[in-house]
Amino acid sequence: MSRPSTVTDPRDPRLADYTDLTDVELRRRREPAEGLFIAEGEKVIRRALAAGYRMRSMLLTAKWLDVMADLIEAAEAPVHLVEPALAERVTGYHVHRGALASMERKPLPGAAEVLAGARRVAVLEGLVDHTNLGAIFRSAAALGMEAVLLSPDCADPLYRRAVKTSMGAVFSVPYARLDPWPGALGVLRGAGFELLALTPGEGSVTLAEAAPHLLPKAALMLGAEGDGLTRQALAAATRRVRIPMSHNIDSLNVGAAAAIAFYAVNPG
């Protein structure tokens, strides 16, 4: 059981995990190196704990003490109580949800491990926008995708904004990095997956024509917002598929496109 301790100095070393949360470059370097990530909001914190992540500490404002009482009672990590103004000064933004937790990362599994037993997976190339990444993980969890494979240059799924946007879905969908890229796509082919590249470009067929829901194993490949999949990734694909468009619209936001494609590829 942990008893909340009041912290009044923004330079207190106990708050080190929470400093400068809006500095994206700093946090992208620091969090993986130190083996931590930040969970924001009651639901996300609970989902992280339920997924087996170990808490390093928790940062709360007073109004969240009752809501988080059961977690505080069960916590083996320190719980820091701060005023809202101090939380904003430390983190760099207004923490309107009033609850943050520093969590320990788990070792990242290999691609073969997350593919074991899977039939429907997403493969993401060059997704650097944390909001889009979080939205894709949320759709993947909701629509039956069993794993997510990331190119080496994809954003960190455990970065705070990605975790928040996914509503904690990054904790429930297994993921791994594919390195080298795109050579490591051979792992999927070796496991029997058809590689379906989502692209509006030449040579693509509609999802309805491809009937991906009938495939024994399907890996849906999506590229970055705007640029889409690289030529190398497209060349590695088994087939190119597209979402039919109307009113001269040429493409959708990658998060929206992913949700549609995930639904189409799911055998139901």
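This is a predicted model, so every value here is computed, not measured.
Checking side-chain atoms of T165 against main-chain N and O of A162 turns up no donor-acceptor pair under 3.5 Å. In this structure, the side chain of R28 does not engage the main chain of D156 through any donor-acceptor pair within 3.5 Å. Checking side-chain atoms of E31 against main-chain N and O of F37 turns up no donor-acceptor pair under 3.5 Å. Listed for the R160 side chain is no donor-acceptor partner under 3.5 Å among the backbone atoms of T22. In this structure, the side chain of D129 engages the main chain of N132 through a donor-acceptor pair within 3.5 Å.
Transitive grouping of hydrophobic side chains (ILVMFWY, heavy atoms separated by less than 4.5 Å) brings L108 and M103 into a common cluster. Taken together through direct or relayed side-chain contacts under 4.5 Å among Ile, Leu, Val, Met, Phe, Trp and Tyr, M68 and V79 form part of one hydrophobic cluster. Each of I38 and F137 belongs to its own hydrophobic cluster when Ile, Leu, Val, Met, Phe, Trp and Tyr are linked at side-chain heavy-atom distances under 4.5 angstrom. At a threshold of 4.5 Å between side-chain heavy atoms, the hydrophobic network of Ile, Leu, Val, Met, Phe, Trp and Tyr places L81 and V90 in two separate groups. L215 and V241 fall within the same hydrophobic cluster, defined by Ile, Leu, Val, Met, Phe, Trp and Tyr side-chain heavy atoms under 4.5 Å apart, directly or through other members.
Atom OH of Y175 is separated from atom SG of C154 by 11.5 Å, given to the nearest 0.5 angstrom. The CD1 atom of I260 lies 11.5 Å from the CZ atom of F262; values are rounded to the nearest 0.5 Å. Expressed to the nearest 0.5 Å, how far CD of E34 lies from CZ of R29 amounts to 11.5 Å. Taking OH of Y263 as the start and CG of L207 as the end, the distance is 12.5 Å to the nearest 0.5 Å. Interatomic distance, L124 CG to L222 CG, rounded to the nearest 0.5 Å: 6.0 Å. In this structure, CD1 on I243 lies 5.5 Å from CG on L252, to the nearest 0.5 angstrom.
A cation-pi arrangement is not found for R161 relative to Y93, the charged atom failing to lie both closer than 6.0 Å to the ring centre and inside a 45° cone about the ring normal.
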Side-chain donor/acceptor pairs under 3.5 Å, residues 138-149, sequence neighbours excluded:
unit_1	atom_1	unit_2	atom_2	d
S139	OG	A135	O	3.3
E146	OE1	R119	N	2.5
E146	OE1	R120	N	2.8

I'd like a table of donor-acceptor pairs (distance under 3.5 Å, sequence neighbours excluded) in which one partner is a side-chain atom from residues 189-205, with atom names and distances.
unit_1	atom_1	unit_2	atom_2	d
R189	NH1	A236	O	3.2
T199	OG1	G201	N	3.1
S204	OG	T199	O	3.3
S204	OG	G201	O	2.8

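For G168 against V44, the heavy-atom pair with the smallest separation is N-CG2, 4.2 Å. In terms of heavy-atom proximity, R56 sits nearest to D17 at NE-OD2, 2.9 Å. Pairing each heavy atom of V187 with each of A112, the nearest pair is CG1-N, 4.4 Å. For the residue pair G223 and V254, the shortest heavy atom distance occurs at O-CG2, 3.4 Å. The heavy-atom pair separating I136 from A258 by the smallest distance is CG1-CB, 3.9 Å. Of all non-hydrogen atoms in H213 and A264, the two that sit nearest each other are CB-O, 3.5 Å.
Here the side chains of L36 and R27 are in contact, with some heavy-atom distance below 4.5 Å. Contact check for L150 versus L127: no side-chain heavy atoms found under the 4.5 Å cut-off. Looking at heavy atoms from C-beta onward, M221 lies out of side-chain contact with L234 at the 4.5 angstrom threshold. Using a 4.5 Å heavy-atom cutoff, the side chains of T206 and R242 are in contact. F171 is listed as a side-chain neighbour of V163, based on a closest heavy-atom distance under 4.5 Å. The shortest distance between side-chain heavy atoms of D20 and R30 does not fall below 4.5 Å. Counting only heavy atoms from C-beta outward, the side chains of P10 and L86 approach each other to under 4.5 Å. Looking only at side-chain heavy atoms (C-beta outward), V95 and L21 stay at 4.5 Å or farther from each other.
Between Y18 and H80, the ring planes lie perpendicular to each other; the angle is over 60°, past the 30° to 60° tilted range.
More than 12 heavy atoms of other residues, nucleotides or ligands sit less than 6.0 Å from atom CZ of R14. Annotation: E83, atom CD; neighbour count of heavy atoms from other residues, nucleotides and ligands within 6.0 Å does not exceed 12. By the neighbour-count criterion of 12 heavy atoms within 6.0 Å, atom CG of D70 is densely surrounded, having more than that number from other residues, nucleotides or ligands. Counting non-hydrogen atoms of other residues, nucleotides and ligands closer than 6.0 Å to NZ of K43 gives a total of 12 or fewer.
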- Query: What's the verdict on side-chain hydrogen bond (donor to acceptor under 3.5 Å, both in side chains) for E42 and W64, showing C-alpha distance, side-chain angles and the deciding distance?
  - Reply: CA-CA 9 Å; E42 178 202 357; W64 287 91; over 6 Å; no
- Message: If you apply the rule side-chain contact (heavy atoms from CB on, under 4.5 Å), what do you find for N253 with E225, and how did you get there?
- Response: CA-CA 7 Å; N253 167 273; E225 187 83 23; 3.3 Å; yes
- Query: Which is it for V7 and L15 under the side-chain contact (heavy atoms from CB on, under 4.5 Å) test, yes or no, and what are the steps along the way?
  - Reply: CA-CA 8 Å; V7 180; L15 304 183; 3.7 Å; yes
